[in-house]
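Start at 1 with the first residue, then count along the sequence. Not measured: the values here are computed from a predicted model.
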Amino acid sequence: MDKVFGVYYTVPSANGEGDVKEETETPIPDEVMELVMQRTAAKEMKDWELADSLRAKITELGFVVKDVKGGNPIVSKV
């Protein structure tokens with residue numbers, strides 16, 4: 001399994017047999033998305049302690065937040 005630019009796919013075999021299948025993404029729970037939005041707001045207010053504690057809560061729920069300069073954070077399952 002490879003990950004390129006955030007896209008997951010199955011690499012076809014060398015002999016060309018087998019279909020390329022896309023993996024289904026795990027839906028992000030509303031609770032996690034709410035914490036991500038709160039964290040983004042805390043970062044905008046430069047409340048780094050709150051932002052760090054919210055990241056820790058998100059991690060405890062089994063998700064990871066990756067910040068993207070000038071864009072929305074990327075949330076994925078651990």
Side-chain angles (χ1 to χ4, degrees):
M1 177 185 327
D2 282 345
K3 179 180 176 184
V4 178
F5 300 114
V7 178
Y8 291 89
Y9 64 94
T10 303
V11 179
S13 63
N15 62 9
E17 293 177 8
D19 294 331
V20 176
K21 298 188 314 186
E22 291 185 20
E23 292 184 15
T24 57
E25 292 186 20
T26 303
I28 309 298
D30 291 339
E31 177 185 6
V32 173
M33 290 308 297
E34 179 63 32
L35 292 171
V36 171
M37 291 187 318
Q38 289 175 17
R39 181 176 175 274
T40 300
K43 286 181 62 181
E44 288 173 0
M45 295 185 304
K46 298 187 181 199
D47 187 346
W48 310 121
E49 188 175 326
L50 177 58
D52 289 345
S53 70
L54 290 168
R55 180 189 287 271
K57 287 180 186 177
I58 294 166
T59 302
E60 287 174 11
L61 293 172
F63 291 85
V64 147
V65 179
K66 181 177 181 183
D67 294 317
V68 178
K69 186 175 183 178
N72 292 328
I74 298 171
V75 183
S76 58
K77 185 85 171 144
V78 175

### Message
So which atom in K43 and which in A51 form the shortest heavy-atom distance, rounded to 0.1 Å?
### Response
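What the structure gives for the nearest pair is CG-CB, 3.7 Å.
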
### Task
Sort out for me which residue in V36, I58, L61 forms a side-chain contact (heavy atoms from CB on, under 4.5 Å) with E31.
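In the set V36, I58, L61, the residue that makes a side-chain contact (heavy atoms from CB on, under 4.5 Å) with E31 is L61.
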
#### Entry: Connected hydrophobic set around I74, excluding itself, where side chains approach under 4.5 Å
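Result for I74 is V68.
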
### Task
Could you identify which residues cluster with V64, counting Ile, Leu, Val, Met, Phe, Trp and Tyr as linked when any side-chain heavy atoms lie under 4.5 Å apart, either directly or through a chain of such contacts?
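V78, all in the cluster of V64.
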
Counterpart residues, side chain to side chain contact (heavy atoms under 4.5 Å, CB included), relative to [X] (two or more places apart):
X	result
P29	V32, F63
D47	A42, E49, L50
T59	R55

### Task
Examine I28 and M37 and state if one hydrophobic cluster contains both, with Ile, Leu, Val, Met, Phe, Trp and Tyr joined whenever side-chain heavy atoms are less than 4.5 Å apart.
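No, I28 and M37 fall in different hydrophobic clusters.
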
### Message
Set out, in order, the CA-CA distance, both residues' side-chain angles and the distance that settles side-chain contact (heavy atoms from CB on, under 4.5 Å) for E44 and T40, then state yes or no.
### Response
CA-CA 6 Å; E44 288 173 0; T40 300; 3.8 Å; yes

### Task
Could I get the full list of side-chain hydrogen bond (donor to acceptor under 3.5 Å, both in side chains) partners for E34, not counting sequence neighbours?
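If we apply the side-chain hydrogen bond (donor to acceptor under 3.5 Å, both in side chains) test to E34, skipping adjacent residues, the hits are Q38.
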
